[in-house]
Structure formats: C-alpha cells, structure tokens
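This report refers to the structure that appears directly beneath it.
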Amino acid sequence: MTQQTAPIAIRERTVDAFTREFLRELNFGQGVDVERSSVNDRYLALARTVRHYLMTRWIETLRHQWEHQAKSVAYLSAEYLLGRQLDNALLASDLTDIARTSVESLGIDFDELRDAEIEPGLGNGGLGRLAACFVDSLATMNIPAVGYGIRYEYGIFEQTFVDGWQVEKADDWLRLGSPWEFPHPEAAVEVGFGGTTEDHEVDGEKRRRWVPAWNVLGVPYNYMVPGYENGRVNTLRLWSARATHAFDLQIFNSGDYEEAVRAQTFAENISKVLYPEDSTPQGKELRLQQQYFFVACSLRDFLDRVLLRGFDLHNLPERVTFQLNDTHPVIAVPELMRILVDERGWKWDEAWAVTQRVFAYTCHTLLPEALEVWSVELLGRLLPRHLEIIYRINEEFLEVVRTRWPDDELRLRRMSIIAEHPERAVRMAFLATVAGVKVNGVAELHSQLLRDKVLADFAELWPDKFTNVTNGITPRRFLKLANPGLSDLITEAIGDGWVTDLDRLEGLLPLADDAEFRRRFREVKAANKLRLVDMLAHRDGSTIDPDTMLDVMVKRLHEYKRQMLKLLHVISLYEQVTRGRLDIADVTPRTFAFGAKAAPGYRMAKQIIGLINAVGRTINDEPALEGRLRIVFPANYNVTLAECLIPAADLSEQISLAGKEASGTGNMKFMLNGALTIGTDDGANVEIRQLVGDDNFFLFGLDEPAVEKVVAAGYRPTSFYESIPNLRHALDLVARGTFSGGDRSVFEPIVSNLLSEDRFLVLADFQAYVDAQARVDVAYADTEGWTRSAVINVARAGFFSSDRSMRDYLDRIWHARQVATRP
Ligand code: 26W
C-alpha cells in the first residue's frame, strides 16, 4: 500500500465548489434531485457537505495527536447537551456565507434547513451543557482531548403541556438520521457484567480475576468537535450498546429464539435512554449499568487504542488525566485498578500509585440528596470484582485516617467510603475524593462550601487536594452564534479577537458612557426581541409584546432554584391590581418568561409547572393587565430555545436559595448577552456581582451563613405568611382555587408545603425579592442608565469564557500543554 502522507486535498472554499459538493450529496448521498428533495434531504446534504470540509482537519488532528503522544485530557461525562451542530460547524469552518450563498443560488431557503436539525439533547441541564462548552473550548484552545460518553438513543424527553401539565414524549432524535456521527462497529469493545470472582495462578503467582456472567458490546460513534477557525477537530466518542454475537448465538443454538432476542434487547437497553433525573439520583440498576458500560469502554479505548502499543502504563499520569464529570463515571477508578492488578499483574500499591494520579473529580452539587450512593448489594451483583476493589481501597484509606486521627471512631465512620445506614452502600463522591489527584467545585462559593462542609474531613486530611475552577460558557455558541447582532456591534467596536479571547470585551467599558453606542446596543436588543416574538408565534402561536421588559427564568425546575418565588411575585402583582390596591399604570410592563423541565418523577416540580401555566392563563386573559403583565412559558426548553431567548432578555432571574446552586451557567449566558441579573448570593452569582459591581446587579435575600442561622433557629414559614400581607394574599389566592377553576385541591400540595416545610426558604426571601424587583423597576425606567449597566455586564463577562475555565484546569489540575496542529 502506498503511504498517504496527507489527507486528500482540502476542498476549494468557493461557492461553486460548495454547490457541486452539495448537489453530489443530494444526488448520491440521498438519491434525489434538487426539485424532488425534501427539507430533510437538503439538510442532510448540507450537513454532509460541511462535514467534508472539516474532515481533512479531523484526520490531521488525529494523525498529529498520534505522532506527538502529548498529554491528553479524557473528559468522562454521562451527559453532553450539545445543541444543534450545523451552525457550529459552519462557524468553526468559516463557511456560513459560502453555504448560504450556495444554497440560496439553488432557490433553497437556508434558514429552513438550519431549523430542520433536531438537537442532540444528551443531557439534563447544567452539567451536560458544561461538558459541551468544555469540549468546544478544548478544541479551540488546541488542547489534546477526547470526550467520552453515551450515545443515548433517546435524549432528554420532549416536554409538552396538556391543560398546563407537563407530559413527556420520547425524544427520538435519530429518527431522520444524524449526519454528524461516525459509527465504528469494527472498533467495538466488550464489557462484562455480573458473575463471580475467583483466584487463579499465573506463572506460579496467585491472582484474582472476574468471571462475568454476560457481556455487552460497546460500539463507538465519533463526533467532530471543531475548534474555532484553528484547523483543529477534536473527537467526542459516544458509546452505543449492542448484544455480543457470541452471546446471541449461544442461546440461539440452544433453540430459544425468544431468549436470544430478549438478550439482545437487554444489551441494547443500556444506551437506550438518558435518565431524566437531575439532582435526585435514581438508585436504578440500569443507571449503574450505563455508568460502568461507558467508562469501561472508554478506558479500554484509551489504553488499547489511543496509547502506542507497548506504552508503559507506569507513565500514564504523564500521558492523561481522566476528568470525572461528577460521580457518574467514578466506577472508572476500580476499573483501572482491576485492569492493572488483575489483567496486567501489577502489585496493588504500584497500581494504586498510578491510579491516584490519573483521575480528577469535579463535584457539581451541594444537595446531599444528589450525592450518588450505590447499594453494596447491587454493586456486588453487577460488578463483584469492583466491589472487592472498593473494599480494599476503603480499608487502606481508613488506615490512613486512623494513623492521622487515632481512636476517632466517629470520624472513621463519617469518612468511610462504605456507608452503613440506611443500608450498606458505596459513597461515590468519597471514592472520587480518595482517588482523585484533585477535587474541584464549580464556583468560588461552591468550592469553599465543599471544603468547609460536604467534604470537610477530607479537606482537613488533604488540604491541597481541593481547588476551584469556576465554570464558563463558550462565547462561540452563546454570543457569536446566538446573538449575531450584538456580535457584529462588538466586533465593529473592538475587533473580532473577543471570540477566542473574551477578556477583550473589557474594551467595551468606555462605550458604556457613549450615547450612540448605547442606542445601537438597544437596537440590537429590540431586534432580538422581535426575533423571539416571531419564533414563539411560529412555534407555539403565542404572542408577546416586544415593548415590555423581558424578565426570564430558564433552568431545570427544582424547588431549590425557586421558580415559586418568581411566581409568587407575579401572583402578588395580579392580586394587587385586580383588588384595586395597585394602579396598573404604576406597574412596569413586563413579560415573565419561564422555561423549565421537571424530572418526570418529581411531583412537586410538576405541580409548580401546572401552577405557572394556570397563573399564565388567568393573567394573560385579564383585560386589566393587557399589554402590561404577561406570562409566557414555551414548552420544551432546550439549547435551541435558549439561543433565541437569552439574547432577547432584559432581566435574568438567578434566585436559588443561597448555598444550593453550585454555580449556574445560565447566569453567565444572560450576562454575556446584556441582561442584568436579579439574584441571590449563590454560586457564580457571587463572582458576577463582584465583576459588575453592586450598581449593576440586583442582589437580594439571605446569604449562606444567614440561611444556616435561620434553619438552626427553627424556621417557621407561617411567621412570614402572617406578617407580610401581600405574601398572604398571593398564597390565599392559590389556596382558594383562583387558578384552578375554584378547585382548592389542585394546588393544595404547593401551598401546604410552603406553609409547613418550605425547605428552600421561599417565604423568608419573599419581601427582599419584591423590594429588589422594585429597584429593578426604578432602574429600568432610566433607559440610558439601564443600557449603561447592560454594557458593563457584557464588558465584564470575559472571565466567564469556558476558555478561561480550561486554562484553570490546565494550570491547577491537568498540567497538559496546548499543542497547535497548525503552525
Ligand atoms: C444522578 C442524578 C444526578 C444527575 C445530575 C445528580 C446530579 C446531577 C448534576 C450534578 C446536576 C447538575 O447538572 N448540576 C449543575 O451543574 C452545573 C455545572 O457545573 C452547575 O452550574 C449547576 O449549578 C449545578 O446544579
């Protein structure tokens, strides 16, 4: 075979060449001619055409990585919430204009094709979207990296509303074909489950081994992760589960066809569907299967295929860091130990020394109920050898604790990786902390609380293990793509360097005082609102008034995030106006936008969705409020909707109970797009406020120490209900069935929960929130002052680029280097 020294030539970057390629894809890829092609045919042909332009770079990147064998980052994440791919690929390859001109020259509506893409929603919320931003930044910053995850056949459910209640539909995102993935069935790897462990001998030495009861195949699907105009294309490798042929045949030969098919279904179930739970782990067997499945495939892939044959694994820490995105992939720790000790015959200590240096753990939560725990019974049944290994890790770890704190039984029990109550279970966060080189939180406050509370014992033992990396967002998707109007205005003012160096936005600061710039800034915001109005009219037939303040709260529905706090404010305004205690002329016209999915099994969250829609129906139909107050709650909030909503927003709601939101990343997206924040002292809000200053941020509510105090003193929500008339009136309205056709029972659970327990102190923060909203009204009335603040918000958003997050991970955790593929 002749050696191919370089991939076939890069395609010509002309409209004609692009058109030829596009037609070729239509004719030979889809088998249709232009006239008879459907929108989907055209979308697929366009996507494949763009993909071809990236292909050379991808091959080059892979070759380059292979030749250099530089230290890499392997990002292990059960979720990637990617959003649409076409626009991003066009942007990265700088083909947007060529593609548009080409397609339009054929009489085809370019935007219709872009809208035809179904986004891969392979994540729940913040954690999954963060992973997507990180792989984008890794590619753009020329960091050798690979993302590993699961190719769920069904992503996050599609949310619909029936009478205002959430009804879930399966997200069949692959139904029209996915032009962005490259399956490699020939590179499938086998993963075992169940069975037993036993001793055996190798060259006269005693060893332990695992004899799994059944195997599953992992088929890798590669996705391109193009860097921004830098010629690099990294890889995202998602695993899909298949039945192994051997397994199939064995049963098949025994004559049991049904059993054979059942086995196949069983295997394929593993990557069938994303768990829609967020912050409340389901102790489901299938979920553990998913976790082990993708982690085992990924380790196998990295060790056997990314590394050179014969690579000495003692040097693994110089070659890779496996970054654990929360605890979901932590089973990788005992898996690597099993490979080194059982398969390669290493001594335990030798293996542990390496293992301890290749994993790092990012924690994304503070809610105790969100910390994953696997029962020993289940783990032992599914992964018996891994359980033995975890026990041994724990034994040796507890020995360390004992040495440091002799005779501290309580501490031993607190720190043990194995919990004894309510059942014997493995605490995955502890395992990750013990094994990780570093443990990081995702915002300053969060990392501090990890050190001081959640993992305090561990921080005392290993203070240097703990660090912070504040989250970030990619400016490519969330400014350049989502907000072309603002992007162009910024570029005109300071050049286009900001796209890869977001700190340059600082250059906008002087322009906050420039009246002409402010006018144009407002023009952009107004145009973005019109774009949103159009989109919502098209999508849902809903109407909103572009001349009102757009006040937005979009995020997963969770009690700690406190959608109820915002809703109570709206109800209170409605109540005061309709009872004649407030003149509608004194109310700032606002459109209250909500977007939120509730976990299907989270009853209270679904109730709250029902109530938001019910209140929406009532106030949107109230003639007295026409043109003044309106609720809009588009169903199925996802990345695509975010890209249209966020650029149009005036006010960003970040109102979680202090100490509960690890970071938040939506808050950063709004800031970057020129919305002002009303928020608590929580997560990354703290850092946003420090950057923009108190004058440009609406802070309210208890801070974390104050929350602790209130709770310690025995919080009584009724005392707030009794002492704040507007709060009482608002809650009474709900309780009386005003929003449920007079039926008091419908929303009774919400009211009684707020009045009895109110775990997240909604009532305690109500008055402070209302007061802050009054400050918002005053500020908004001063159009020039508001715009000035908005510009300052954009100018200070540079810190929140996920490129900066990557630099922090490089410096503090990975110690890898950037390697340019192109000189
Ligand atoms: C196992 C069930 C489960 C699933 C997901 C438990 C916990 C999670 C995640 C940790 C939830 C999550 O997405 N956390 C969010 O992570 C973002 C990125 O760091 C942060 O910005 C959010 O504050 C945090 O809630």
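Counting convention: from 1, in listed order, for ligands and their atoms alike.
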- Task: Taking the side chain as every heavy atom from C-beta outward, state whether Phe293 and Gln291 have any atom pair closer than 4.5 Å.
- Result: no
- Query: Mind checking whether His386 and Tyr292 have parallel, tilted or perpendicular rings, split at 30° and 60°?
  - Reply: perpendicular
- Task: Quick one: look up the protein heavy atom nearest atom 19 (O) of ligand 1 and list residue, atom name and how far away it is.
- Result: His364 ND1, 2.6 Å
- Heavy-atom distances under 4.0 Å are what count here, so tell me which part of Asn471 touches ligand 1: side chain, backbone, both or neither. side chain
- Heavy-atom contacts with Glu661 under 4.0 Å: which atoms of ligand 1 show up? List them by number with element. 22 (C), 23 (O), 24 (C), 25 (O)
- Message: Exactly one of Asn325, Val437, Ile813, Val439 should register a side-chain contact (heavy atoms from CB on, under 4.5 Å) with Tyr361. Which one does?
- Response: Val439
- Task: Look at atom 12 (C) of ligand 1 and find which of Thr665, Leu127, Asn667 reaches it with the closest heavy atom.
- Result: Leu127
- Message: To check your reading of the model: name the closest protein heavy atom to atom 11 (C) of ligand 1, its residue, and the distance in Å.
- Response: Asp278 OD2, 3.7 Å
- Task: Compute the minimum heavy-atom distance from Gly664 to ligand 1 and say whether it is under 4.0 Å.
- Result: yes
- Going by distance only, is there an N or O of Glu372 that falls short of 3.5 Å from an N or O of ligand 1? no
- Note on the structure: The atoms of ligand 1 lying under 4.0 Å from a heavy atom of Ala662, numbered in the order shown, are 23 (O)
- Query: Are the side chain of Asn636 and the backbone N or O of Gln159 linked by a donor-acceptor pair below 3.5 Å?
  - Reply: yes
- Message: So if I count the atoms of ligand 1 from 1 in the order they appear, which ones are less than 4.0 Å from some heavy atom of His328?
- Response: 1 (C), 3 (C), 4 (C), 5 (C)
- Message: I need the atoms of ligand 1 closer than 4.0 Å to a non-hydrogen atom of Val442, numbered in the order shown.
- Response: 19 (O)
- Query: With atoms numbered from 1 as shown, which atoms in ligand 1 lie under 4.0 angstrom from a non-hydrogen atom of Tyr560?
  - Reply: 25 (O)
- List the closest protein heavy-atom neighbour of atom 2 (C) of ligand 1: residue, atom name, distance to the nearest 0.1 Å. Pro281 CA, 3.4 Å
- of all protein heavy atoms, closest to atom 7 (C) of ligand 1 is Ser279 N, 3.5 Å
- Do Gln654 and Ser656 come within less than 4.5 Å of each other through their side chains, counting heavy atoms only? no
- Location of contacts on Arg287 toward ligand 1, heavy atoms closer than 4.0 Å: side chain
- Message: So if I count the atoms of ligand 1 from 1 in the order they appear, which ones are less than 4.0 Å from some heavy atom of Glu277?
- Response: 4 (C)
- Relative to the ring of Tyr809, is the ring of Trp814 parallel (under 30°), tilted (30 to 60°) or perpendicular (over 60°)? parallel
- Is the closest basic N to carboxylate O distance between Arg381 and Glu285 below 4.0 Å? yes
- Task: Flag the pair His558 / Tyr602 as yes when their ring centroid distance falls below 6.0 Å, and as no otherwise.
- Result: yes
- Message: If the cut-off is 4.0 Å to any non-hydrogen atom of Asp326, which atoms of ligand 1 fall inside it?
- Response: 10 (C)
- Task: Would you indicate whether the side-chain heavy atoms of Leu379 and Ile331 approach each other to under 4.5 Å?
- Result: yes
- Query: Does a salt bridge link Glu377 with Arg424, judged by any charged N lying under 4.0 Å from a carboxylate O?
  - Reply: no
